Amino acid sequence: MLGGMTSRDHPRNPQATQLARLAGLIADETRAACLLALLDGRAWTASELARHAGVAASTLSEHLGKLVAGGLLAEERQGRHRYVRLADARVAQLVEELSAQVAPEVVVRPRSLRESSAGSAMARGRTCYDHLAGRLGIVVTDALTERQLLRQDTGFAITDAGLAWFDSAGIQLDRSSRRPLARGCLDWTERRPHLAGAAGAALCRHALEVGWCVRIGSERAVKVTTEGERALAELLGIAPSALR
C-alpha cells in the first residue's frame, strides 16, 4: 500500500494487460512450435501439428484452442478434419521477428546430418509466411535496393521504377489491399530485413508459380531452379553463385 492506495485502487493499463496475455500465449514451447511450423503459410491439421510438436493430440487441441481464442490462429473445418493457419500476415511478422531475437549461441545444434542439411536449406532459402526469406530473400532485397527499385532509407518503399519493374516482369501487385505494399521483415537467420508486404508476397507467389523456385523437404525451404537463376540474373543481375 502506497500513499493510502491499494492495488484495487490503482488503475490498470488495458494495453499492458493485453500485451501480457499475448506474451503468455507465445511463452509455451508447444504453442511456439506450432506458430513456427505455420510460418509456411499452409493450413495444418491438428494431428499434423501434434506430430510436429511431439505431443498427444488431446494436449495439442487444448493449445490450439488458446491460440485461436487469442487471435493468433484462424480455424476452419472440412468434414472431420480441423485445420488451422496463422490468422494473418501480422502474426507471421510477429513470430518471425521474435525468432530473430534469439541469440545465435542459443540455437540448438543439429543432432544429425539430415537435420543439419535441413537447417542449411532453410537458411539458404525459405518462405516466411508468404514471402521469400533466408539468404535468398536478402539477396533479392539487396538487388532491388541497389537498382533503386526499392528504398530502405526511410522504411521499405517500392519506387516508381520498382512499380514499373514489377509490371514488366509480369508480377501483379495488389495495390487495392489495405496491406502495406512493402515492409521490412527481420530475417532470423540473416539478422537483416528482407522484403515483405504485398510486393514481397507477389514476388514469392510468382517465383513459385512460374518455377523460379520449388519447395523442398517438409519444412519451408525453397530452392532456386536453373530457370530461376537465369531469370534473376536477367531481371536483377543476381549471380547464380549467390543463390546456391
Side-chain angles (χ1 to χ4, degrees), residues 36-45 48 74 76 78 83-93 95-96 118 121-145 147 149-150 156-159 161-185 187 189-190 193-244:
L36 287 169
L38 291 166
L39 277 176
D40 67 358
R42 298 184 300 125
W44 288 48
T45 65
E48 288 172 335
E76 54 189 73
Q78 291 186 8
Y83 291 88
V84 292
R85 63 172 72 246
L86 294 181
D88 52 37
R90 292 177 301 173
V91 176
Q93 179 185 2
V95 176
E96 182 79 3
M122 286 277 284
R124 185 166 52 248
R126 65 182 182 278
T127 56
C128 171
Y129 189 57
D130 61 0
H131 55 269
L132 298 173
R135 190 163 68 248
L136 169 61
I138 293 297
V139 168
V140 170
T141 299
D142 285 349
L144 289 168
T145 304
R147 283 157 183 73
L149 308 176
L150 172 70
F156 274 45
I158 303 296
T159 65
L163 293 175
W165 179 87
F166 273 88
D167 287 339
S168 66
I171 304 174
Q172 187 173 3
L173 294 178
D174 182 5
R175 305 184 198 181
S176 63
S177 172
R178 295 175 59 185
R179 185 180 184 184
L181 187 59
R183 67 166 180 81
C185 179
D187 196 291
T189 52
E190 296 293 318
H194 54 245
L195 175 64
L203 179 57
C204 178
R205 182 172 57 251
H206 184 81
L208 291 170
E209 287 178 350
V210 301
W212 293 356
C213 296
V214 292
R215 296 186 184 275
I216 56 175
S218 58
E219 298 283 345
R220 294 182 282 137
V222 296
K223 177 183 179 181
V224 180
T225 63
T226 301
E227 182 180 350
E229 289 181 351
R230 285 198 296 266
L232 291 174
E234 178 182 340
L235 291 170
L236 291 173
I238 298 175
S241 59
L243 304 169
R244 299 170 183 168

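Every value quoted in this text rests on a predicted model; they were computed, and no experiment measured them.
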Search all heavy atoms of [X] against all heavy atoms of [Y] and return the closest pair with its distance.
X: I216; Y: A121; value: CD1-CB, 4.1 Å
X: L235; Y: W165; value: O-NE1, 3.3 Å
X: C204; Y: T127; value: SG-CG2, 3.9 Å
X: A196; Y: C185; value: CB-CB, 3.8 Å
X: L136; Y: C213; value: CD2-SG, 4.0 Å

A side-chain contact here means heavy atoms from C-beta on lying under 4.5 Å apart; do [X] and [Y] qualify?
X: Y129; Y: Q93; result: no
X: L243; Y: V139; result: yes
X: E229; Y: R244; result: yes
X: L38; Y: V95; result: no
X: M122; Y: T189; result: no
X: I158; Y: L150; result: yes
X: L132; Y: W212; result: no
X: R126; Y: L39; result: no

Would you find more than 12 non-hydrogen atoms of other residues, nucleotides or ligands less than 6.0 Å from E234 atom CD?
no
Among T141, D142, D187, whose side-chain hydrogen bond (donor to acceptor under 3.5 Å, both in side chains) with H194 holds?
D187
With no hydrogens and no angle check, is any side-chain donor or acceptor of H131 less than 3.5 Å from a backbone partner on C128?
yes
